[in-house]
Amino acid sequence: QAQLVESGGGLVQAGGSLRLSCAASGRTFSSYRMGWFRQAPGKGREFVAAIRWSSGTTDYADSVKGRFTISRDNAKNTAYLQMNSLRPEDTAVYYCAAVKSELTYRSAANYDYWGQGTRVTVSS
């Protein structure tokens with residue numbers, strides 16, 4: 001059974017950095033994209049970034065472009081989200097997810113697999 005497990009969340013001051021990890025297991029994700037979404041209190045789930053597992057092609061939401069970097073390690077079957085220059089508005093629960101590569105990846109509804117989420121809190 002496919003499983004995604006996030007880690008790396010925590011409390012950080014504004015301007016600081018965190019790296020989130022998403023360990024994938026249970027199936028081959030070579031034909032998938034891995035995405036990161038976030039959900040702040042009282043808000044909907046928001047697309048953050050995505051990476052195509054096979055080619056490494058990436059895309060980012062405008063709100064994080066230039067500050068966040070998504071990557072993957074094929075050998076470890078793990079995706080990462082490096083978050084720099086964090087702002088209080090980045091506070092949210094962050095989820096990793098997997099979507100088939102041919103589907104629209106900015107829509108959470110298209111994703112087949114989700115992790116349990118990891119909380120990121122940025123203090124001002």
Side-chain angles (χ1 to χ4, degrees):
Q1 185 172 352
Q3 189 175 17
L4 302 176
V5 178
E6 303 100 332
S7 60
L11 173 64
V12 64
Q13 287 189 330
S17 299
L18 282 174
R19 188 176 81 156
L20 307 183
S21 299
C22 173
S25 62
R27 66 156 296 141
T28 301
F29 286 98
S30 57
S31 61
Y32 280 70
R33 273 191 178 89
M34 306 303 288
W36 286 96
F37 286 76
R38 66 186 182 186
Q39 189 163 15
K43 295 189 176 181
R45 200 160 290 192
E46 175 191 21
F47 169 78
V48 175
I51 185 166
R52 189 161 184 157
W53 197 265
S54 57
S55 66
T57 304
T58 60
D59 191 27
Y60 298 90
D62 288 344
S63 58
V64 306
K65 202 171 290 184
R67 300 188 297 124
F68 291 11
T69 303
I70 189 171
S71 62
R72 89 276 191 246
D73 184 326
N74 288 345
K76 295 183 178 180
N77 230 25
T78 299
Y80 303 96
L81 186 68
Q82 177 67 43
M83 305 186 295
N84 298 330
S85 302
L86 282 161
R87 304 166 180 169
E89 55 263 40
D90 294 318
T91 295
V93 176
Y94 283 71
Y95 298 89
C96 72
V99 62
K100 292 178 182 176
S101 294
E102 65 269 24
L103 298 179
T104 301
Y105 54 85
R106 285 181 174 244
S107 172
N110 287 339
Y111 282 72
D112 292 324
Y113 305 102
W114 289 87
Q116 82 287 353
T118 185
R119 186 173 301 275
V120 172
T121 303
V122 184
S123 63
S124 56

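Values below: every heavy atom of this structure, side chains too, minus hydrogens, waters and symmetry copies.
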Sort out for me which residue in Leu81, Val93, Asp90 forms a side-chain contact (heavy atoms from CB on, under 4.5 Å) with Arg38.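 Considering Leu81, Val93, Asp90, a side-chain contact (heavy atoms from CB on, under 4.5 Å) with Arg38 is found only for Asp90.
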Hydrophobic cluster identity match, [X] and [Y], side-chain contacts under 4.5 Å:
X      : Y     : result
Tyr111 : Tyr95 : yes
Tyr113 : Leu20 : yes
Trp36  : Leu18 : yes

Once rounded to the nearest 0.5 Å, what's the spacing between atom [atom1] of [X] and atom [atom2] of [Y]?
X      : Y     : atom1 : atom2 : value
Ile51  : Arg33 : CD1   : CZ    : 10.0 Å
Ile70  : Gln82 : CD1   : CD    : 12.0 Å
Thr69  : Met83 : OG1   : CE    : 11.0 Å
Ser124 : Arg87 : OG    : CZ    : 14.0 Å
Gln116 : Gln3  : CD    : CD    : 8.5 Å
Cys22  : Arg72 : SG    : CZ    : 13.5 Å

Does [X] use its side chain to pair, donor to acceptor, with the backbone of [Y] at less than 3.5 Å?
X     : Y      : answer
Thr57 : Ser55  : no
Glu6  : Cys96  : yes
Thr91 : Val122 : yes
Asp73 : Thr78  : no

Parallel under 30°, tilted from 30 to 60°, perpendicular over 60°: which one fits the rings of [X] and [Y]?
X     : Y      : value
Trp53 : Phe29  : tilted
Phe47 : Tyr105 : tilted
Tyr94 : Phe68  : tilted

Going by heavy atoms in the side chains, are Glu89 and Ser63 under 4.5 Å from each other?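 When only atoms from C-beta onward are counted, Ser63 and Glu89 do not touch, as no gap falls below 4.5 Å.
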Are any non-hydrogen side-chain atoms of Arg45 and Trp114 less than 4.5 angstrom apart?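 Arg45 reaches Trp114 side chain to side chain.
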Shortest non-hydrogen separation from [X] to [Y] and the atoms involved:
X     : Y      : answer
Leu86 : Val12  : CD1-CG1, 3.6 Å
Leu11 : Ser123 : CD1-CB, 4.4 Å
Phe37 : Ser107 : CZ-C, 4.2 Å

Among residues two or more places apart or on two chains, list those pairs meeting salt bridge (charged side-chain N to carboxylate O under 4.0 Å, His left out) that have a residue in residues 54-64.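 Qualifying pairs, neighbours excluded: Asp59-Arg106, Asp62-Lys65.
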Is it the case that more than 12 heavy atoms not belonging to Glu102 sit under 6.0 Å from its CD atom?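 Yes.
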What verdict does the side-chain contact (heavy atoms from CB on, under 4.5 Å) test give for Tyr32 and Arg27, after you've listed the backbone C-alpha separation in whole Å, the side-chain angles of each residue and the deciding distance to 0.1 Å? CA-CA 11 Å; Tyr32 280 70; Arg27 66 156 296 141; 3.5 Å; yes
